[in-house]
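Since the structure comes first, as structure tokens, the remarks are kept for the end.
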Amino acid sequence: MALWKLHGNGNLEPGAVVAPDERLSWGKTVGLGAQHVVAMFGATFVFPLLMGLNPQLAVMMSGIATLVFLVVVQGRVPSYLGSSASFVGVAAAIYGAGGNPASVTGAMLWVGVLLFMVGLIIHFMGSGVVHKVLPPVVTGAVVMLIGFNLAPVVANVYWPQDQWVALVVMLVVVALSVGFKGFISRIAIFLSLIVGYVLSWLLDLVTGPITSYSAAAGKVTEHVRVDWAGVASAPWFGLPPVTDLSTWKLGAATTNVVGFHLPSFNLAFVLVSLPVVIALIAENTGHVKAVAEMTKEPLDAYMGRAIAADGAGSMIATMAGAGPTTTYAENIGVMAATKVYSTLAYVCLLYTSDAADE
């Protein structure tokens, strides 16, 4: 793991790049970590719900997987491992064939094993083997198909929300990123979240509840935009529940989202899941290449480590009953916007996201 040296005097000059083994002042580092939470928390929380798994458990295991990843790559590849979207369609297919959440996590565990083995092969044989076995035309097609499978998620979950507030927040992101220099432009996403939250709270006061899709209810309802009732009723400290899958029923709202459980294995479900490893290799390879391009550091020697670490993280997560993990495109977007690649920001991200989840 890299030991973080202070970048300059701890401040961030316009146009400056913070390397993975550097850090800013502690206040700025925490702020950047919080911005990563904003960018990555939503997908990490939502995808397990779509797969019938526990989102709190997914957030906790993503933190553990990310720490494992950073140790394996020796802090050279800044990355957050969140819930993978690649398995949403696989989970639906397994449920449709009569499987349950243990069947889903069991099938995904073997994908993690295969990904780990591929990472070891790449580490010892070199990154060139990826391009020979899986050329861009293959990996690109697989990723495109996954995107098509996720299109209904956007249409049914995200789009039927408050589109006007979303548009305002997006405009604020652009205005802060383009119109300001220095640290403000670097945390434009985080500041825009605050603007969107305050705007939603004011709209609740002025215009009242909104009629839109509620993820909690699973249907269109009338509800306020800002609702802290669930947070107020939650305990200060706790863990996801241990679930008895003998009472699980597909589509039952009270039993469909499960906590800790042991995976079960079905060869047919495993075979359905294994092709997804192509997408995970493509995601990890693209992540390493993107970070190398942005930091101007050769990272091909760490590509095998990164892929193997993602496989190990997925194995750890699925053995506990959570979904598998993967590197995030949102992660690349935040780093590209801020030019801060400090892996210390990810440690702050993990602490902040776990606190927010509680």
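Note that the CG atom of Leu193 and the OH atom of Tyr197 stand 10.0 Å from one another [nearest 0.5 Å]. In this structure, CD1 in Ile64 is found 11.0 Å from OG1 in Thr325, a value given to the nearest 0.5 Å. For the atom pair Leu6 CG and Ser25 OG, the distance stands at 8.0 Å (nearest 0.5 Å). For the atom pair CG (Leu267) and CZ (Phe265), the distance works out to 12.0 Å, reported to the nearest 0.5 Å. Interatomic distance, CG of Leu81 versus OG of Ser79, reported as 5.0 Å (0.5 Å rounding). Taking CG from Asp310 and CZ from Arg305, the interatomic distance works out to 15.5 Å, rounded to the nearest 0.5 Å.
In terms of heavy atoms, Phe260 sits closest to Leu239 at CE1-CB, 4.4 Å. Shortest non-hydrogen contact noted between Phe47 and Ser83 is CD1-O, 3.7 Å. The two residues Tyr95 and Asn100 have their closest heavy-atom pair at CE2-C, 3.6 Å. Nearest approach of Val17 to Tyr341, heavy atoms of both residues: CG1-CE1, 3.5 Å. Closest approach of Ala279 to Ser86, counting heavy atoms only: CB-OG, 4.1 Å. Taking every heavy atom of both residues into account, Val291 and Pro78 meet most closely at CG1-CD, 3.7 Å.
Hydrophobic clustering places Val270 together with Met117 (ILVMFWY residues linked when any side-chain heavy atoms are closer than 4.5 Å, directly or through intermediates). Placement of Leu271 and Met108 within a single hydrophobic cluster is found when ILVMFWY residues are connected by side-chain heavy-atom separations under 4.5 Å, directly or transitively. Hydrophobic clustering of Ile, Leu, Val, Met, Phe, Trp and Tyr side chains at less than 4.5 Å, counting indirect connections, unites Phe180 with Val169. Under the 4.5 Å side-chain heavy-atom criterion for Ile, Leu, Val, Met, Phe, Trp and Tyr, Ile121 and Leu115 are members of distinct hydrophobic clusters. Hydrophobic clustering, with ILVMFWY side chains joined whenever heavy atoms are under 4.5 angstrom apart, groups Met319 together with Met51.
Contact annotation: the side chain of Leu53 approaches that of His261 to within less than 4.5 Å [non-hydrogen atoms, C-beta and beyond]. Proximity of Val18 to Leu24: side-chain heavy atoms (C-beta onward) are separated by under 4.5 Å at one or more points. Side-chain contact between Tyr302 and Val288 is absent, with no heavy atoms from C-beta onward closer than 4.5 Å. Thr318 is not listed as a side-chain neighbour of Met61, based on a closest heavy-atom distance of 4.5 Å or more. In this structure, Met315 and Val113 have side chains that are in contact, with non-hydrogen atoms separated by less than 4.5 Å. A 4.5 Å side-chain heavy-atom check between Phe87 and Val111 finds at least one atom pair inside the cut-off. With a 4.5 Å cut-off on side-chain heavy atoms, Trp110 and Leu114 do not count as touching.
A search for salt bridge (Lys or Arg N to Asp or Glu O under 4.0 Å) contacts involving Arg225 returns Asp162, Asp204, not counting sequence neighbours. For Asp227, the salt bridge (Lys or Arg N to Asp or Glu O under 4.0 Å) test picks out no residue, with sequence neighbours left out.
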CA sep, side-chain torsions, deciding dist, call: His123, Met303, side-chain contact (heavy atoms from CB on, under 4.5 Å)
CA-CA 7 Å; His123 178 68; Met303 188 176 294; over 6 Å; no
side-chain contact (heavy atoms from CB on, under 4.5 Å) between Ile210 and Val224: does it pass, once the steps are laid out?
CA-CA 6 Å; Ile210 186 174; Val224 294; over 6 Å; no
Report the C-alpha distance between Trp201 and Leu205 in whole Å, list the side-chain angles of each, state the deciding distance to 0.1 Å, and finish with yes or no for side-chain contact (heavy atoms from CB on, under 4.5 Å).
CA-CA 7 Å; Trp201 177 69; Leu205 293 178; 3.6 Å; yes
Start with the C-alpha gap between Lys289 and Asp300, add the side-chain angles, then the distance that decides, and say whether salt bridge (Lys or Arg N to Asp or Glu O under 4.0 Å) holds.
CA-CA 8 Å; Lys289 288 290 188 182; Asp300 276 3; 3.1 Å; yes
Just do the side-chain contact (heavy atoms from CB on, under 4.5 Å) check on Arg76 and Asp21 with the steps written out, would you?
CA-CA 7 Å; Arg76 293 294 303 276; Asp21 61 345; over 6 Å; no
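Listed for the Arg23 side chain is no donor-acceptor partner under 3.5 Å among the backbone atoms of Lys5. Tyr80 contributes no side-chain N or O that, together with a main-chain N or O of Gly63, makes up a donor-acceptor pair within less than 3.5 Å. Between the side chain of Ser192 and the backbone N or O of Val173 there is at least one donor-acceptor pair closer than 3.5 Å. Under a 3.5 Å cut-off, the side chain of Thr105 and the backbone N or O of Gly321 do not form any donor-acceptor pair. Under the 3.5 Å distance criterion, the side-chain polar atoms of Thr285 are left unmatched by any main-chain donor or acceptor of Ala282. Using modelled atom types, no side-chain atom of Thr326 and backbone atom of Ser84 make a donor-acceptor pair closer than 3.5 Å. One N or O on the side chain of Thr343 and one on the backbone of Pro20 form a donor-acceptor pair closer than 3.5 Å. A donor-acceptor pair is defined here as one N or O able to donate and one able to accept, closer than 3.5 Å; no such pair exists between the side chain of Thr221 and the backbone of His223. A donor-acceptor pair is defined here as one N or O able to donate and one able to accept, closer than 3.5 Å; no such pair exists between the side chain of Ser314 and the backbone of Pro324. Side chain of Asn284 to backbone of Leu280: a donor-acceptor contact under 3.5 angstrom is found.
For the side-chain contact (heavy atoms from CB on, under 4.5 Å) test with Asn54, the passing option among Pro101, Pro48, Pro240 is Pro240; the others fail.
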